[in-house]
Protein chains: 2
Amino acid sequence: MNSKVTLKDVADYVGVSTATVSYVLNGKQQSISDETKEAILSAVKELGYYPNMNAKELASNRSQLIGVVVPQTEGDNKSVFANSFYGEILGSIEREARQQGYQVVISCADLDDNYIRIAYERNLSGIIAIGVYQDGILSKLSETKIPVVLIDSYCKTKDFDNVRIDDEQGSYLATSYLIRNGHRRIGFLCGHIQENGVMQKRFQGYRKALEKAGINLNPQWVFERKVSFEEGRLAAAYIAKALPEMTGLVCTADVMAIGLMKGLHTYRVTVPEDLSIIGFDDLEIANYLEPGLTTVHQAIAEKGAKAFDSLLNEIRGNSRQQDIVLPVSIIERESVKELK
Amino acid sequence: MNSKVTLKDVADYVGVSTATVSYVLNGKQQSISDETKEAILSAVKELGYYPNMNAKELASNRSQLIGVVVPQTEGDNKSVFANSFYGEILGSIEREARQQGYQVVISCADLDDNYIRIAYERNLSGIIAIGVYQDGILSKLSETKIPVVLIDSYCKTKDFDNVRIDDEQGSYLATSYLIRNGHRRIGFLCGHIQENGVMQKRFQGYRKALEKAGINLNPQWVFERKVSFEEGRLAAAYIAKALPEMTGLVCTADVMAIGLMKGLHTYRVTVPEDLSIIGFDDLEIANYLEPGLTTVHQAIAEKGAKAFDSLLNEIRGNSRQQDIVLPVSIIERESVKELK
DNA sequence: CTTAACTACTTAAGCGGTTAAGCTGAGTAT
DNA sequence: ATACTCAGCTTAACCGCTTAAGTAGTTAAG
């Protein structure tokens, strides 16, 4: 670990050229005698040589760096990583990347021109972007030819792989679950539908499930707010007013459902007696609430892992434009009551 | 954004040497006429030139990359980023870094030799490491001369800045709060004390507060477990047995307190009627539970921000070996009952 | 005995920047 | 007229590595 042992130092030490050392270290096609190989390898150990990645990447025009971009804010001013959903995705991407010898550079500042500049400057070999809903930036990204995989994105631009869950199905299952439990007057608490493709799909699922059961959708019972604990809590004021007529509610995010449950307490409405609630995401915390939150499960960590797999494929020049859809399922806990 | 516009391209376009362009772009001391400056700047725009960071860092031997290292696992097999405590710190570091033109490379694999290698290879200009309790690796890091700032670390090695809260004081406050509320038979649920400096300090605080109030510490009521929701839940079995004698409990992590509350439900013990609980960290979720979790607040995001500030100072060659201690305070919610 | 085909290397030209040192010509001092 | 200064550049070495192309020595084939 002595400062600055270079390839040249190793080469001199062994008495060969830097090219030979480079070939040995990178296992290229060149034929090198076993003696020389061993001599080089042990010199590397002895001298404590480590490659200079900048030089390596500059010379080879490849890089072992990938970027992960998350939205700047979701709901409030906190970093989105404070939301364990993003944290878990990030963690699983990093784990996969590390195993493959890649490092992860993060940015919590949305996918914007600034980020594209960085990706470009750093010669990132790939980008994973979470929750992008604007086509504009994607077409710019497309020009850079950097491999990109999106997570939970709904865009017209179809140049990229996309890993997501079946959002519509999730919402459909959630709504149907309430219906199966005897509910017919079911509300919907969600993020802003216009700006957010995920919310659009989930709204579709809700709509279709109602339709199939012959229930009219009541627009008064669709509550759009930002996605956060606090906004969920604040929604309680409006939702309480819809009671007792409304008996069930589909929430498109566990965080909103959790905030809501807290907020409802103020209005003395208890879950699930006065209102059945079903969440979405199955965050770890959902299992530790009282009552436990019945919710739509998605394999969060798997999303990250799958995204990295796809990215690696693209980096290696394989496949393109896949839409990878992970399954969802209902996790039954205690926040939904069966209506007789 | 056309592929590979280099400094040379800009220089040729304007009709000057690459040196001149470099001087203009980096604002160095060299005197350059305004005309030339403007010509270069507009050529940069026109051609869509972006520097190649690898080349830049190679030539200048500086880098705009910092590393953030978190422990591999805490409690269970999930990525620690799923714990919003770490997520929030990471987010705040990234925000600060971005504003200063730095990028953040993450690693969730503990601070180990492998990471030091990466730091070295990548020429990281600094490292922020969270929750390091082993001196061995720190002395190795010390040799590399890379600026390092630790967060929540308690190590003998005093070569580095350390940002933390007053853990002992936090625990002391928490315990005193229970005492002030009439509790005298107070338990302690914590992480493994031996392996974890933070837990040691918090245990001290608990001990001292009891001592000051003339209360004997009952070792039976000290529950050591891993720090996670699930381990908190599992602890309920043992803690329930200590009731009704024990009336209050200090938890050294909100996640444990939350898991515990869930677990206690199974044993039909209610909080705070049957047991008063005070947490530690003031995670966002603490405010959205029912009952709201009374807890020791720490400014999590600020920890990250302060750590980056310190790091930047060191990178710039200023100050060394500061111990930055952020304040703690009690947030009163509803999980503690006043005993008559 | 040539020639071809290997093996086991070396040479050297980059990759895209930085930066110390040098050069040039106009302006000023002597 | 001569020397000095200094603004405004240029030159070129270098950062540490990759890699196409070349070379020498051996062995096998014709």
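So you know, we letter chains A, B, ... as the sequences are listed, proteins then strands, and number each from 1. Everything quoted here is computed from the prediction, not taken from an experiment.
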Any side-chain heavy atom of B:I127 within less than 4.5 Å of one from B:Y115? yes

Residues at least two apart in sequence or cross-chain that pass salt bridge (charged side-chain N to carboxylate O under 4.0 Å, His left out) with B:D323, listed by chain then number, are B:R164

Between D:dG16 and B:R122, is there an OP1 or OP2 to side-chain N/O distance shorter than 4.0 Å? no

Pair A:Y49, A:D9 - check side chain to side chain contact (heavy atoms under 4.5 Å, CB included), show working. CA-CA 9 Å; A:Y49 165 76; A:D9 296 331; over 6 Å; no

For nucleotides 10-16 of chain C, give me one character per nucleotide, 5' to 3': B if any protein heavy atom sits under 4.0 Å from the base, S if the only such contacts are to the sugar-phosphate, - if neither. BB--BBB

Distances under 3.5 Å only, N/O to N/O: pair up the protein atoms with those of nucleotides 4-7 of chain C.
none

Across all chains, not counting sequence neighbours, the salt bridge (charged side-chain N to carboxylate O under 4.0 Å, His left out) partners of A:K56 are none

Rounded to 10°, the helix from C:dC1-D:dG30 to C:dT30-D:dA1 deviates from straight, judged by its five-pair end axes, by 60°

Can you tell if the side chain of B:T20 reaches within under 4.5 Å of the side chain of B:V14, non-hydrogen atoms only? no

Output all residues satisfying salt bridge (charged side-chain N to carboxylate O under 4.0 Å, His left out) with B:E302, sequence neighbours left out; order by chain, then residue number. B:K306

Under 3.5 Å, is there a donor-acceptor pair between the B:N123 and B:N61 side chains? yes

Does B:S33 reach a base, just sugar-phosphate, or nothing at all? Heavy atoms under 4.0 Å. sugar-phosphate

